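Just so we're clear, the structure is a prediction, and the values are computed from it rather than from any experiment. Computation of the quantities below employed the complete heavy-atom set of this structure, encompassing side-chain atoms and omitting hydrogens, waters and symmetry-equivalent molecules.
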Amino acid sequence: MAPIPGSGLAKGLAVTLRTMTKKTVTAQYPDAQPELPPRTRGVIGLFEENCTVCMLCARECPDWCIYIDSHKETVPPAAPGGRERSRNVLDRFAIDFSLCMYCGICIEVCPFDALFWSPEFEYAETDIHELTHERDKLREWMWTVPAPPALDPGAEEPKEVAAARKTADKLATEQAAQAEAAEQAAQAEAAQAAQAAQAGQAERAGQAAQAAQAEQAGQAGRAGQATPEAQADSSASAPTDPLATPSSGPQEGQS
């Protein structure tokens, strides 16, 4: 279908009319700060701990505005008998923002997440040399980097998070197993102590019963030995009464 002549002009006039009817709002900058999108490319922040001096960002920069200096240090072996290793130590990391065209290639190619975009844009200078930010200044910009957006509900979990979660779960399982084994050992020791206490109580009760039986037997023996002697003593000490035994002589004389 052929376009109607003058339709483009009508569309343009419609946009003009809609704009004319809206109220004009002026942002009172710098008193009112603008609301910037979270992915605003303001300035680049450096997370120095993640930098391995791989030089990828400096090699891929189209403007060659990244300057990196480093030196090598020897690291002692981690275990006795191991080999010494060498690692790169960062001496200088600077970005010349008077040359940077904010393409973001350095941030994309960094394999260790050492560079991040910050929405801060208020770093104008009166001297062009002040636009070269050294690593201390880049580290200060790192604290203005916003948090990453949340993942979609159906998104796959990052490999780093999955690996960390797996390690944490394994460690928690091992700790739970160790705690359970320690609890079982403590319960077994308590049961053994209770059994030993019961055995000691039974042994002491048996010894007490034997002692009581021996004491009773000793008392019975002493009582048996004392009976004949008591009888002999009683018979010897009994008084004789001459009137108790009748005699025939005096009775006959009296009669």
Side-chain angles (χ1 to χ4, degrees), residues 12 15-76 85-152 155-161 163-164:
V15 172
T16 303
L17 291 174
R18 285 199 303 270
T19 306
M20 289 174 61
T21 57
K22 290 183 179 179
K23 184 179 180 180
T24 303
V25 178
T26 302
Q28 301 297 327
Y29 178 82
D31 297 333
Q33 293 292 329
E35 295 182 2
L36 300 176
R39 298 181 63 183
T40 299
R41 297 185 178 186
V43 69
I44 297 174
L46 171 66
F47 192 62
E48 186 177 341
E49 286 76 4
N50 287 356
C51 182
T52 60
V53 200
C54 64
M55 305 294 292
L56 276 177
C57 54
R59 288 199 298 264
E60 296 295 333
C61 179
D63 295 331
W64 293 88
C65 63
I66 300 177
Y67 312 108
I68 300 176
D69 293 332
S70 65
H71 69 277
K72 289 186 178 294
E73 286 186 356
T74 302
V75 181
R85 298 176 300 166
S86 62
R87 66 183 182 92
N88 294 324
V89 179
L90 184 65
D91 293 331
R92 185 194 183 199
F93 195 108
I95 299 178
D96 187 356
F97 287 100
S98 65
L99 298 177
C100 179
M101 63 180 185
Y102 303 92
C103 63
I105 294 178
C106 57
I107 297 176
E108 294 177 2
V109 300
C110 180
F112 301 105
D113 292 335
L115 297 174
F116 297 88
W117 278 118
S118 169
E120 296 294 328
F121 61 91
E122 297 175 322
Y123 54 94
E125 300 289 348
T126 56
D127 188 358
I128 194 173
H129 297 91
E130 299 295 331
L131 288 175
T132 301
H133 294 182
E134 299 292 337
R135 66 176 183 176
D136 295 338
K137 185 66 174 179
L138 297 175
R139 181 61 180 265
E140 292 178 4
W141 291 124
M142 187 64 204
W143 308 124
T144 62
V145 175
L151 297 176
D152 294 334
E156 183 179 357
E157 190 177 31
K159 295 181 180 179
E160 296 83 359
V161 177

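- Here the straight-line distance linking atom CD1 of Ile66 with atom CD1 of Ile44 works out to 6.5 Å at 0.5 Å rounding.
- At a threshold of 4.5 Å between non-hydrogen side-chain atoms, the residues Pro37 and Arg39 do not count as touching.
- Taking all atoms of both residues into account, the shortest heavy-atom contact from Glu125 to Leu131 is CG-CD2, 4.0 Å.
- Listed for the Thr144 side chain is no donor-acceptor partner under 3.5 Å among the backbone atoms of Glu140.
- For Arg41 against Gly104, the heavy-atom pair with the smallest separation is NH1-N, 4.0 Å.
- Here the side chains of Cys51 and Ile68 are not in contact, with every heavy-atom distance at 4.5 Å or above.
- Two residues are said to be in side-chain contact when any heavy atoms from C-beta on lie closer than 4.5 Å; Tyr102 and Trp117 meet this criterion.
- By the 4.5 Å heavy-atom criterion applied to side chains, Cys110 and Phe47 are not counted as neighbours.
- Looking at heavy atoms from C-beta onward, Val89 lies in side-chain contact with Arg87 at the 4.5 angstrom threshold.
- Rounding to the nearest 0.5 Å gives a distance of 12.5 Å between CG of Leu56 and CD1 of Ile105.
- Annotation: the span from Cys106 atom SG to Ile95 atom CD1 amounts to 5.5 Å, rounded to 0.5 Å.
- In this structure the side chain of Asn88 reaches within 4.5 angstrom of the side chain of Lys72, judged on heavy atoms.
- Nearest heavy atom pair, residue Ala94 against residue Thr132, reads CB-CG2, 4.2 Å.
- A ring pair (Phe, Tyr, Trp, His ring centres under 6.0 Å) with His133 is found for one member of Phe97, Phe93, Tyr67 and no other, namely Phe97.
- Atom CD of Glu120 is separated from atom OG1 of Thr40 by 10.5 Å, given to the nearest 0.5 angstrom.
- Residues passing the ring-ring contact (aromatic ring centres under 6.0 Å, His included) test with Phe116: none are found, sequence neighbours excluded.
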